[in-house]
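To start, the structure under review is shown below, and the notes come after it.
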Amino acid sequence: METWTAQPPSPTRWWVLGLRGELDLHAVRHLREPLLSQIEAHGPWLAIDLSEVRFIDTTGVGLLVRLVHNLRGRNGDLALIAPAGQVLRILRWTNLTRVFRVLDTADALDD
């Protein structure tokens, strides 16, 4: 799993974390602690760019669910940017598209 951070195109309180690869048990083990550190550094308004994630398993879904609860508990939120393919199908099948803000691009982030 490769990650990167970026600021959205327009000024906003959101920060963007990009993921590339597979969001599975192996990736989650390596992401959990650094992700919490990044939240402490950048704040509780996180958008995850999933456009280059080609696979997600239940561990990855669980991480996203824990994240949204954690961020909302800090008066923030979690948005998912451009999930596609298998990732989008899993989010739809589990009705998690109702839990998360799902956006087509980072341009859609607003305060």
Side-chain angles (χ1 to χ4, degrees):
M1 174 65 53
E2 186 178 332
T3 66
W4 70 93
T5 59
Q7 287 299 318
S10 59
T12 179
R13 62 184 162 195
W14 294 88
W15 61 282
V16 179
L17 172 71
L19 300 178
R20 178 179 295 132
E22 298 183 352
L23 189 51
D24 58 10
L25 176 64
H26 178 73
V28 168
R29 284 186 191 153
H30 297 286
L31 276 176
R32 189 175 289 124
E33 292 305 316
L35 189 53
L36 294 176
S37 296
Q38 289 291 318
I39 290 168
E40 291 297 324
H42 296 286
W45 293 89
L46 171 61
I48 299 180
D49 184 336
L50 296 172
S51 62
E52 296 189 40
V53 174
R54 63 184 179 276
F55 175 82
I56 190 168
D57 69 5
T58 57
T59 311
V61 170
L63 174 69
L64 296 177
V65 170
R66 284 189 302 279
L67 270 176
V68 76
H69 289 295
N70 179 304
L71 294 168
R72 288 178 181 165
R74 297 172 185 230
N75 296 316
D77 204 359
L78 175 66
L80 304 179
I81 299 171
Q86 185 265 354
V87 176
L88 183 57
R89 282 192 306 276
I90 293 296
L91 294 173
R92 285 181 177 157
W93 288 342
T94 57
N95 281 326
L96 289 174
T97 53
R98 294 179 182 206
V99 173
F100 301 108
R101 295 174 74 166
V102 179
L103 309 170
D104 293 331
T105 68
D107 292 333
L109 290 170
D110 60 6
D111 287 332

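The basis for the numbers below is simple: all heavy atoms, side chains too, and nothing from hydrogens, waters or symmetry mates.
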Self-check item: Within 6.0 Å of CZ in R72, more than 12 heavy atoms from elsewhere
Solution: yes
Self-check item: Side chain proximity check, L50 to L19, heavy atoms < 4.5 angstrom
Solution: yes
Quiz prompt | Nearest-0.5 Å distance that lies between atom CD1 in I39 and atom CZ in R74 | solution = 6.0 Å
Quiz prompt | Closest heavy-atom pair and its distance - D24, T59 | solution = C-CB, 4.4 Å
Practice problem: Please report the closest heavy-atom contact between A79 and L109, naming both atoms and the distance. | Solution: CB-CD2, 4.1 Å
Quiz prompt | Test side-chain contact (heavy atoms from CB on, under 4.5 Å) applied to Q86 and R54, step by step | solution = CA-CA 7 Å; Q86 185 265 354; R54 63 184 179 276; over 6 Å; no
Exercise. Report whether L88 and W93 are members of the same hydrophobic cluster (ILVMFWY, side-chain heavy atoms less than 4.5 Å apart, transitive linking).
Key: no
Exercise. Supply the atom-to-atom distance F55 CZ to I90 CD1, rounded to the nearest 0.5 angstrom.
Key: 7.5 Å
Quiz item: What are the two closest heavy atoms between V87 and V53, and how far apart are they?
Solution: CG2-O, 3.4 Å
Self-check item: Between CG on residue L46 and CG on residue L80, distance to nearest 0.5 Å
Solution: 8.5 Å
Quiz item: Which value, rounded to the nearest 0.5 Å, describes the distance between H30 atom NE2 and L35 atom CG?
Solution: 14.5 Å
Practice problem: Could you tell me the separation between the CG atom of L91 and the CZ atom of R98, rounded to the nearest 0.5 Å? | Solution: 13.5 Å
Practice problem: Applying side-chain contact (heavy atoms from CB on, under 4.5 Å), run through V28 and L23 and close with a yes or a no. | Solution: CA-CA 7 Å; V28 168; L23 189 51; 4.1 Å; yes
Practice problem: Measure the CD1-CG distance between I48 and L64 for me, rounded to the nearest 0.5 Å. | Solution: 5.5 Å
Exercise. Kindly give the heavy-atom pair with the smallest separation between I81 and A47, and that separation in Å.
Key: CD1-CB, 3.7 Å
Self-check item: Whether over 12 other heavy atoms sit under 6.0 Å from D104 CG
Solution: no
Quiz item: Looking only at heavy atoms, what is the nearest atom pair of R66 and R32, with distance?
Solution: NH2-NH2, 3.2 Å
Quiz item: Which heavy atom in P34 sits nearest to a heavy atom in L31, and how many Å separate them?
Solution: CD-O, 3.3 Å
Self-check item: Test item: D57 side-chain N/O and L25 main-chain N/O as donor-acceptor pair under 3.5 Å
Solution: yes
Exercise. Go through the steps for D77 and F100 under the test side-chain contact (heavy atoms from CB on, under 4.5 Å), then give the verdict.
Key: CA-CA 9 Å; D77 204 359; F100 301 108; over 6 Å; no
